[in-house]
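Hydrogens, waters and symmetry mates are skipped; everything else that's a heavy atom, side chains included, is used. Every chain is numbered from 1, with letters handed out A, B, ... down the list of sequences.
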Protein chains: 2
Amino acid sequence: MRVTIKDVAKLASVSPATVSKVLNNKPVKQETGQRVKEVIKKLDYHPNLLAKSFARKISYHIGVTVSTGALTPVDQFFLIFLQGVMEVATANTYSVSIVPALGSEQEEENLIKEMFRKNMIDGYILTNPYYSPRTFLEFLKLDIPLVVTGRVQESIPISTVDANSAEGIYLATSHLIELGHERILFLSGPKQYFVCEDRLNGYLSALRARKIKPDGKLIIEDDFTFEGGYRAARRAIDDLDFTAICAYNDAMAIGALKALQEKGIKVPRQVSLVGYDDLPIGTMLQPMLTTVHSPIYQLGKEAAKMLFANLKDRDNIDDLILPVKLIVRESCGAVL
Amino acid sequence: MRVTIKDVAKLASVSPATVSKVLNNKPVKQETGQRVKEVIKKLDYHPNLLAKSFARKISYHIGVTVSTGALTPVDQFFLIFLQGVMEVATANTYSVSIVPALGSEQEEENLIKEMFRKNMIDGYILTNPYYSPRTFLEFLKLDIPLVVTGRVQESIPISTVDANSAEGIYLATSHLIELGHERILFLSGPKQYFVCEDRLNGYLSALRARKIKPDGKLIIEDDFTFEGGYRAARRAIDDLDFTAICAYNDAMAIGALKALQEKGIKVPRQVSLVGYDDLPIGTMLQPMLTTVHSPIYQLGKEAAKMLFANLKDRDNIDDLILPVKLIVRESCGAVL
DNA sequence: TTGTATGCGTTATCAG
DNA sequence: CTGATAACGCATACAA
């Protein structure tokens, strides 16, 4: 039989309650505390977390949803993020459980609600900001502690963390302008996403800040994927009325790179190419970048911190926007 | 107050024991079962998993270690693997917890042992095959259900799953031979790793199968990373006594690609380049590959299945080696 | 500061 | 097939 709190209590000639107190750093006489600790060590006692969880109605698990996007190699977002989350979770003696992306929003909603109802998960970090407001409201109704990455409709009282990607694109675009470019093609993601709108605005502000008049023809919209970037660049390439490209993200940038190469256009000789992403720029073509200081890692940490704050004070809603850095690297012939 | 099994029992005019039985699909009279189920629905009852875990001494969580390698963008291994694990875990009503890579083997060992002792995790899938035999023995001593990816010293009785990477390299090398190459450079990882030895053997067998005499000078060893591939290729490039390169993995292949490009060598025009990895070949430069049918995904599923088998029958040790497929793609100018 | 008693929600045992 | 009851290991009032 495994050793329990009672065994420790008996051998230390105290009550189980006292042992519980030293276990949880509650006020205990110095001397008894010492004695109990010795017995714990001697008996090799390890508190049963299942019992503790049960008694305290706390699972000590937080859930993190994995976005399906994480399955495309371009999207390194999730793992780095996860490292940040885990660092903070570990510090709070919590474990991190992965909530699978089930495909349909309804299924995911049900799973998230179910795991919470069963007391299996104390709170969530949601990295799937594509949920509809209705879903968020459902979560709020159950009073599920929640932190969301990215942006959520303003009126919904949920904590969010996000990287300032408008600023990122602003920096990327400014970089091109400083290189002397004026006609800069912007490869945008679908504009119905807040984040796409944000980044487009970053591009526009950079132009305006330098008194360059934006040209609607230089803004091409497609999926924010490798293929989307490829398609968008191909569509724009024929009249080649630009000298540089700023892409919504790395994936689109790489897609565009492929399109340019197919046409024999030298990058960056003939066309300069810049992509912004929450990871350090050029991740894809700079595989060995260390990631610890990337914004995403910080984002993970901040998200977790915020969740634990929420766990303690359920009404503490907060938003956080982290600044980004532009890192320019020459790589595979592209400024990416 | 939340609704418990007792509330259900009362309203259905049965005992809690009976409700428990219908909850766990144990033999119950059709009619009572029906009645109980109706009450459950009516009361919106959700069994408290914390209580269940406590009573049954089962956490319903399995742990998966994340390899630090997963933090380099080249290594897409982990997320895909995880999807496979989760699919099986979900089917078994288990959750998947991530065990952080702490850096030192000792720290990780302690964490793994500690979480198990605390009943927090019922079993592990270890994706860090770099653990020393001593560590594995420690786990066995505590009787921790374990499945390891990759290879473990034969004498240690632990279940493993692995992709047949020797076969992968064999196929990759054969592909080059069929293209007409005879002098094929092999970029090897450090030979003290079983898997590196395996893959080198795959290369050698392919040569021998076609009656090509292996040349020791054509085998270069370095880290199995992007940088390692870059360094290895640079070292070999000067006497350029080869017409093709087979790399231990994608990372090294991409490193080599960079080295070749720097020297103005056209790939695949002047030098053919092939890399093998557990993911479909060319992941890096084929970002939009679907991953569901990749070996790694299967590997994750098999690992999880094996773990659950072990969970039920603690003495059931098994090894599994999955076959691989060679997928050749033209991409960014390289056959990768 | 410490001990006693009780409760947490479920499963398991063993009668009936 | 069903029900009463003990047990799981810890936390927490409350009393001492």
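Taking a 4.0 Å limit (strictly below) on heavy-atom distances, residues 35-51 of chain A does not reach DNA chain C anywhere.
Of the possible donor and acceptor atoms, one in the side chain of N48(A) sits under 3.5 Å from a partner among the backbone N and O of L50(A).
Within the 4.0 Å cut-off from OP1 or OP2 of dA12(C), at least one side-chain nitrogen or oxygen of K26(B) is found. Phosphate proximity of dT12(D) to R56(A): present, with a side-chain N or O under 4.0 Å from OP1 or OP2.
When the C1' atom of dG9(C) is taken as reference, atom CZ of R117(A) falls 18 Å away, rounded to whole Å. Look at NZ on K6(A): it is 13 Å from C1' on dT4(C), rounded to the nearest Å. Rounded to a whole Å, the CD1 atom of I58(B) is 12 Å from the C1' atom of dT10(C). Atom C1' of nucleotide dC8(D) and atom CZ of R2(A) are separated by 11 Å, given to the nearest angstrom. Rounded to whole angstrom, the span from the NZ atom of K52(B) across to the C1' atom of dA7(D) amounts to 18 Å. As a whole-Å value, the separation of I5(A) CD1 from dT4(C) C1' is 14 Å. Atom CZ in F54(A) sits about 13 Å away from atom P in dC10(D), given to the nearest Å. Distance N119(A) CG to dC10(D) C1': 16 Å, rounded to the nearest Å.
Ring-centre distance between Y124(A) and F139(A): not below the 6.0 Å cut-off.
For the residue pair E109(B)/Y131(B), the side-chain donor-acceptor check at 3.5 Å is not satisfied. Q106(B) and S104(B) are not linked by any side-chain donor-acceptor pair at a separation below 3.5 angstrom, with hydrogens and angles left out of the test.
The ring-ring contact (aromatic ring centres under 6.0 Å, His included) pairs that include a residue from residues 15-45 of chain A number zero, where partners must be two or more places apart or lie in different chains.
V85(A) and G300(A) get closest at one heavy-atom pair: CG2-O, 3.5 Å. Minimum interatomic distance between L142(A) and F116(A) (heavy atoms only, all atoms of both residues): O-CE2, 3.6 Å. Taking both residues in full, the closest heavy atoms of L79(A) and L79(B) are given as CG-CG, 3.9 Å, listed atom of the first, atom of the second, then distance.
Between dA11(D), dC8(D), dC8(C), one nucleotide has an atom nearer to the side chain of K57(A) than all others, and that is dC8(C).
When heavy atoms are screened at a 4.0 angstrom cut-off, K118(B) is found touching no nucleic acid atom at all.
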Please list each protein N or O that sits under 3.5 Å from an N or O in nucleotides 2-6 of chain D, with the distance.
unit_1: dT2(D); atom_1: OP1; unit_2: T32(B); atom_2: OG1; d: 2.8
unit_1: dT2(D); atom_1: OP2; unit_2: K29(B); atom_2: N; d: 2.8
unit_1: dT2(D); atom_1: OP2; unit_2: T32(B); atom_2: OG1; d: 3.3
unit_1: dG3(D); atom_1: OP2; unit_2: S15(B); atom_2: N; d: 3.1
unit_1: dG3(D); atom_1: OP2; unit_2: T18(B); atom_2: OG1; d: 2.6
unit_1: dG3(D); atom_1: O6; unit_2: K21(B); atom_2: NZ; d: 3.1

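Here the rule is side chain to side chain contact (heavy atoms under 4.5 Å, CB included) with M306(B), and of T160(B), D319(B), L320(B), N316(B) only L320(B) fits it.
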